[in-house]
Number of protein chains: 2
Amino acid sequence: MENTEDIRPKRREPAALDAFDRKILAALAADADQSYAALGEKVGLSPPAVHERVRRLKRSGVIRDVVARLDGTSVGKPLTAFMHVEAAGWGKSERLMQIARFPEVEEMHSVAGDASMILKVRMENPQALEFLLGQIHAVPGVHGTKSYIALSTYLDRPVQADVTVGWPAVPFSSE
Amino acid sequence: MENTEDIRPKRREPAALDAFDRKILAALAADADQSYAALGEKVGLSPPAVHERVRRLKRSGVIRDVVARLDGTSVGKPLTAFMHVEAAGWGKSERLMQIARFPEVEEMHSVAGDASMILKVRMENPQALEFLLGQIHAVPGVHGTKSYIALSTYLDRPVQADVTVGWPAVPFSSE
DNA sequence: CTTTTCCGCCGAATAATCTTCGGCAAGATT
DNA sequence: AATCTTGCCGAAGATTATTCGGCGGAAAAG
């Protein structure tokens with residue numbers, strides 16, 4: 001055919017998600033234990049088509065991973081807490097990062113606001129929380145911490161594929 | 001045999017997790033896309049044995065669910081924030097619960113501390129955040145809110161199966 | 001307005017996995 | 001010591017994942 005040596009990246013754009021992708025993502029974010037046949041029926045595609053799309057979504061990073069969500073209490077960590085850490089200069093010292101090694105630490109974000117870092121942790125008991133606080137205060141530059149212990153969790157779900165569109169207009173009252 | 005009509009519950013105890021269960025949970029919390037054969041090899045059990053254990057772990061609730069974790073930015077919500085809501089008397093009004101209808105709201109906890117409720121939200125942009133704040137302030141009893149916008153997320157993982165045992169002794173320095 | 005190219009879907013076929021089913025062995029119970 | 005229970009394994013069948021060729025439809029090229 002052609003002998004053009006043109007090896008332009010040819011990189012396809014991230015290719016914005018279409019309606020099918022959205023439905024697939026919504027379904028998988030709610031339950032990843034479905035067969036491609038079941039997914040296909042929900043979104044209106046054949047199993048192979050869904051398979052190919054999921055493959056692409058995973059490789060492109062839209063789907064970060066597929067995981068089993070465990071019950072904190074069942075694995076021995078009934079105490080959930082959010083910890084605000086105030087650190088000097090800049091929060092993300094390598095030292096502070098090591099706190100992430102504890103399996104009790106699930107999230108770690110640097111934030112704009114009073115705190116320089118917010119952690120989500122899940123502990124065995126108050127004593128364990130105290131120990132962790134000790135570890136954090138031992139980090140150079142940490143000024144102080146504020147802990148908020150969760151009494152009840154009313155909602156805890158993964159990133160949803162849907163986005164609210166007509167913001168001012170809200171879904172209240174209607175139901 | 002016996003003709004005893006004794007229909008005592010006979011309910012088996014939750015049966016504490018053994019080493020095999022722990023390994024299976026740890027593996028599935030990291031990656032639920034593995035075959036039972038692969039899992040079996042990791043934990044030292046046959047595929048059917050792993051299958052049976054996973055089945056039990058799911059039914060008993062230790063494994064809440066299996067989900068695909070999506071990339072916030074890819075689905076159009078690059079802005080993550082934690083919102084502290086101060087509400088009168090008690091936070092958990094039915095009205096406030098309706099906030100959970102927004103797909104932008106991922107977590108909702110009542111907490112002990114200054115705030116009566118902490119939300120984790122993921123928005124499209126600051127405007128969307130503003131609209132959501134408006135919705136929250138419109139809820140009767142809400143005194144105020146404090147928002148912490150995440151600048152960077154250094155860690156974001158599901159509940160880990162492992163628990164730190166010898167707390168005072170920490171994994172630092174060693175590596 | 002055609003022709004060409006590319007992309008993504010479908011249906012069928014194969015490969016792999018899941019799931020079920022006896023049978024067996026170890027520990028607990030009687 | 002006999003019995004019961006529990007949980008494992010290997011094998012077999014059912015279901016699913018994955019690959020493949022071919023077929024449009026839309027966009028780009030002519």
Side-chain angles (χ1 to χ4, degrees), chain A residues 1-68 74 161, chain B residues 1-63 65-69 74 161:
Chain A
M1 311 313 183
E2 92 300 8
N3 59 351
T4 65
E5 288 294 337
D6 183 349
I7 319 273
R8 274 174 300 181
K10 208 65 171 280
R11 183 92 51 76
R12 190 164 310 294
E13 279 310 297
L17 309 174
D18 64 12
F20 287 132
D21 288 328
R22 290 278 177 185
K23 285 188 180 178
I24 292 173
L25 291 174
L28 288 181
D31 175 16
D33 264 340
Q34 306 174 69
S35 69
Y36 288 120
L39 280 172
E41 192 147 344
K42 287 184 181 175
V43 307
L45 286 176
S46 69
V50 176
H51 180 269
E52 173 57 27
R53 279 171 179 265
V54 170
R55 218 184 76 80
R56 185 167 30 209
L57 290 169
K58 282 181 180 172
R59 216 155 39 80
S60 68
V62 178
I63 294 179
R64 290 177 52 194
D65 52 19
V66 177
V67 303
S74 297
Chain B
M1 320 313 179
E2 90 302 11
N3 59 351
T4 65
E5 288 294 337
D6 181 349
I7 319 273
R8 275 175 300 183
K10 207 64 171 281
R11 181 93 50 78
R12 192 163 308 293
E13 281 308 299
L17 309 174
D18 63 12
F20 287 132
D21 288 329
R22 290 279 178 186
K23 285 188 182 179
I24 291 173
L25 291 174
L28 288 181
D31 176 16
D33 264 342
Q34 305 174 70
S35 68
Y36 288 121
L39 281 173
E41 192 147 345
K42 287 183 182 176
V43 308
L45 285 176
S46 69
V50 176
H51 179 269
E52 173 56 27
R53 280 172 179 265
V54 170
R55 218 184 77 81
R56 185 170 28 210
L57 290 169
K58 281 181 180 171
R59 218 157 36 85
S60 68
V62 178
I63 294 179
D65 52 18
V66 176
V67 303
R69 297 200 305 160
S74 298

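The structure presented is a predicted model; accordingly, all values stated were derived computationally and were not measured. Protein chains get the first letters and strands the later ones, always in sequence-line order, with residue 1 at the start of each.
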Under 3.5 Å donor-acceptor, Arg22(A) side chain and Leu17(A) backbone: no

Between P on dG7(D) and CG on Asp21(B), what's the gap in Å once rounded to a whole number? 10 Å

Nucleotide nearest Pro48(A) (side chain, heavy atoms from C-beta), chosen from dC8(D), dG10(D), dC10(C): dC10(C)

Does a side-chain N-to-carboxylate-O contact under 4.0 Å join Asp18(B) and Lys23(B)? no

I'd like to check Val66(A) versus Arg69(B) (side-chain heavy atoms, cut-off strictly below 4.5 Å). Are they in contact? no

Donor-acceptor under 3.5 Å (Gln34(A) side chain, Ala27(A) main chain): yes

Nearest whole angstrom, please: distance from the P of dG8(C) to the CZ of Phe20(A). 13 Å

Measure from the side-chain heavy atoms of Ser35(A) and tell me the nearest of dA17(D), dC9(D), dC10(C). dA17(D)

For atom CD of Glu52(A) and atom P of dT16(D), their distance in whole Å: 21 Å

Phosphate OP1/OP2 of dG8(C) contacted by Arg56(A) side-chain N/O (<4.0 Å): yes

Val50(A) side chain reached by Val43(A) side chain, heavy atoms, under 4.5 Å: yes

Salt bridge or not between Lys58(B) and Asp33(A)? Use side-chain N to carboxylate O under 4.0 Å. yes

Between dT18(D) (P) and Arg55(A) (CZ): distance, integer Å: 10 Å

Can you tell me which nucleotide in dC9(D), dA17(D), dG7(D) comes closest to the side chain of His51(A)? dA17(D)

Side chain to side chain, Leu28(A) and Val67(B), heavy atoms closer than 4.5 Å: no

Between OH of Tyr36(A) and P of dT17(C) the distance, given in whole Å, is 13 Å

Can you check the Lys58(A) NZ to dA17(D) P distance for me, whole Å? 10 Å

Return the nearest nucleotide to the side chain of Leu45(B); candidates are dG10(D), dA17(D), dC8(D). dC8(D)

Five-pair end axes of the helix from dC1(C)-dG30(D) to dT30(C)-dA1(D) and the angle they enclose, rounded to 10°: 30°

For dC9(C), take OP1 and OP2 only and decide whether either is under 4.0 Å from a side-chain N or O of Arg53(A). yes

Between atom CD in Glu41(A) and atom P in dC10(C), what is the gap in whole Å? 13 Å

Whole-Å gap separating P (dA17(D)) and CD (Gln34(B)): 17 Å

